[in-house]
Amino acid sequence: FSYSDLRREAIASILERSSYDDDVEELFQLWLVERQHAANELLFDGAVEALQCISSTYPDIIIGGITNGRGDTDTMPALAPYFNLPCVSGDLPPVFPDRKPSVKIYEHALCRAAAMISSSSDEEVAVCMDRVRSGWVHVGDSLVNDVKASKQAGALTVWLDAPPPSESAFSTASPELAAARQAAAQEALDAGFIDERIERLSELPDAIQRLCSLRGGGAAVTSAATSAAAARDGDVDDLFGRAGTAGRHAIRSAALSFA
C-alpha cells in the first residue's frame, strides 16, 4: 500500500466509528491541501535564502524535489519560484513502490531532468542522463535514504546534519525498529558516503560550489526532496520541506537534490 492509500483507510476507519457521513476522498484532498500549507509554513531556517543564492549563482540550474510522501513544491509559494523540476514522489505512479532508499526513485528523477534538456529521442535522453548524473549533487538529512541511496545512484552528496525531531514525536516505530534504523544510519556514516556535511542550510551554497568545482561544473541540476531540510511537519520526507536544471550547457551541469 502507498502512504496515500493508508491515509485514506485511516480516514475511512474514523468515519466508520463516528456519526459523520463525509466522503473519504474529499477529506483526503482537504488533508493534502493543509499538508502542503503546513510544509510551506514550517521551512527550515535559511531555506529560501539558500535557494535564492543558488539560483542566482547558477541561472541554468534545474531544481526539483524527491520525496517518499506527498510533498509538492509547486503548491508551496515559498519554494515554487525556485523549483523547475516537478517533485518526484515515491508514493505515486510511475515511481511507486520504488521509494527511497531504492536507487530507482533517483533514476526516475534523473530521467525527468534529462528529458528537460534533450530532444524526444530515447538515445539523447540516455546521453543527457549521463551528463546530468556527472554533475549531480544530492542534499538530504537521512544517511540511509538520502546520502547512501543517492551516492549509489551516482550523486555527490551533502548531508544536512541537523538535530532530528524526537523519534517519539510522531513515529510509531517500535524500539527494535528505531534501533535498527540507528544502526543502519551509523553504518552509512562509517562507509564514507558523505562528500560534504553541513549543519544549516545557510552553508549549502558554499558546499555546492566546492562540489561543482570537483566536477568542473558551473551550473547545477537540483532535485530537492521536501522533507529534511525545509519543513518540519513530520509527514514530509524531503529536504526543503520534510520538502536538475540540467544546465542548458550540459557539460557544465551539476545536479542538486534535497531530501
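Note that this is a predicted model, so its numbers are computed, not measured. Residue numbers run from 1 in the order of the sequence given.
The residue from L79, L201, L204 that alone fulfils the side-chain contact (heavy atoms from CB on, under 4.5 Å) condition with L51 is L79.
By the neighbour-count criterion of 12 heavy atoms within 6.0 Å, atom CD of Q182 is sparsely surrounded, having that number or fewer from other residues, nucleotides or ligands. By the 6.0 Å contact criterion, CD on E187 is open, its count of non-hydrogen atoms from other residues, nucleotides or ligands being 12 or less.
Here D91 pairs with R99 in a salt bridge; the nearest charged N to carboxylate O distance falls below 4.0 Å. Checked for salt-bridge contact, D195 and R210 miss the test: no charged N lies under 4.0 Å from a carboxylate O. Of the charged side-chain nitrogens involved, none lies within less than 4.0 Å of a carboxylate oxygen, so that E107 and K104 do not count as a salt-bridged pair.
Between A78 and V48, the shortest heavy-atom contact is O-CG2, 3.9 Å. When all heavy atoms of R112 and P86 are compared, the pair lying nearest together is NH1-O, 4.2 Å. Across every non-hydrogen atom of A149 and P101, the tightest pair is CB-O, 3.4 Å. Across all non-hydrogen atoms, the minimal contact from Y82 to S55 is CD2-OG, 3.6 Å. Across all non-hydrogen atoms, the minimal contact from V95 to S89 is CB-O, 3.3 Å. For the residue pair V103 and A153, the shortest heavy atom distance occurs at CG1-CB, 3.6 Å.
Here the CG atom belonging to L32 is positioned 9.0 Å from the CD atom belonging to E25, to the nearest 0.5 angstrom. Rounded to the nearest 0.5 Å, atoms CD (E16) and CD1 (I11) are 12.5 Å apart. Between D130 atom CG and L110 atom CG the span is 10.0 Å, to the nearest 0.5 Å.
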- Task: List the steps and the verdict of side-chain contact (heavy atoms from CB on, under 4.5 Å) for W136 and L156.
- Result: CA-CA 6 Å; W136 169 34; L156 290 172; over 6 Å; no
- Could you go through the side-chain contact (heavy atoms from CB on, under 4.5 Å) check for N68 and I105 one step at a time? CA-CA 9 Å; N68 277 351; I105 189 172; 4.0 Å; yes
- Message: Run the side-chain contact (heavy atoms from CB on, under 4.5 Å) test on E196 and T157 for me, step by step, so that the C-alpha distance in whole Å, both residues' side-chain angles and the decisive distance to 0.1 Å come before the verdict.
- Response: CA-CA 6 Å; E196 287 280 346; T157 60; over 6 Å; no
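Of the possible donor and acceptor atoms, none in the side chain of E26 sits under 3.5 Å from a partner among the backbone N and O of D22. No donor-acceptor pair under 3.5 Å is formed between the side chain of S13 and the backbone N or O of E9. Side-chain atoms of N84 come within 3.5 Å of backbone atoms of I63 as a donor-acceptor pair (strictly under, hydrogens ignored). Within the 3.5 Å criterion, the main-chain N or O of V147 finds no donor-acceptor partner in the side chain of W159.
A donor-acceptor contact closer than 3.5 angstrom links the side chains of R70 and S4. A donor and an acceptor atom, one from each side chain of Q36 and N40, are nowhere located under 3.5 Å apart.
Linking Ile, Leu, Val, Met, Phe, Trp and Tyr whenever their side-chain heavy atoms come within less than 4.5 Å puts W31 and Y20 in one cluster. Linking Ile, Leu, Val, Met, Phe, Trp and Tyr residues whenever their side-chain heavy atoms come within less than 4.5 Å leaves L85 and L92 in two separate clusters. Placement of Y58 and I198 within a single hydrophobic cluster is found when ILVMFWY residues are connected by side-chain heavy-atom separations under 4.5 Å, directly or transitively. Hydrophobic clustering of Ile, Leu, Val, Met, Phe, Trp and Tyr side chains at less than 4.5 Å, counting indirect connections, keeps L143 apart from Y106. In terms of hydrophobic clustering, with Ile, Leu, Val, Met, Phe, Trp and Tyr side chains grouped at heavy-atom distances under 4.5 Å, M116 and M129 are assigned to a common cluster.
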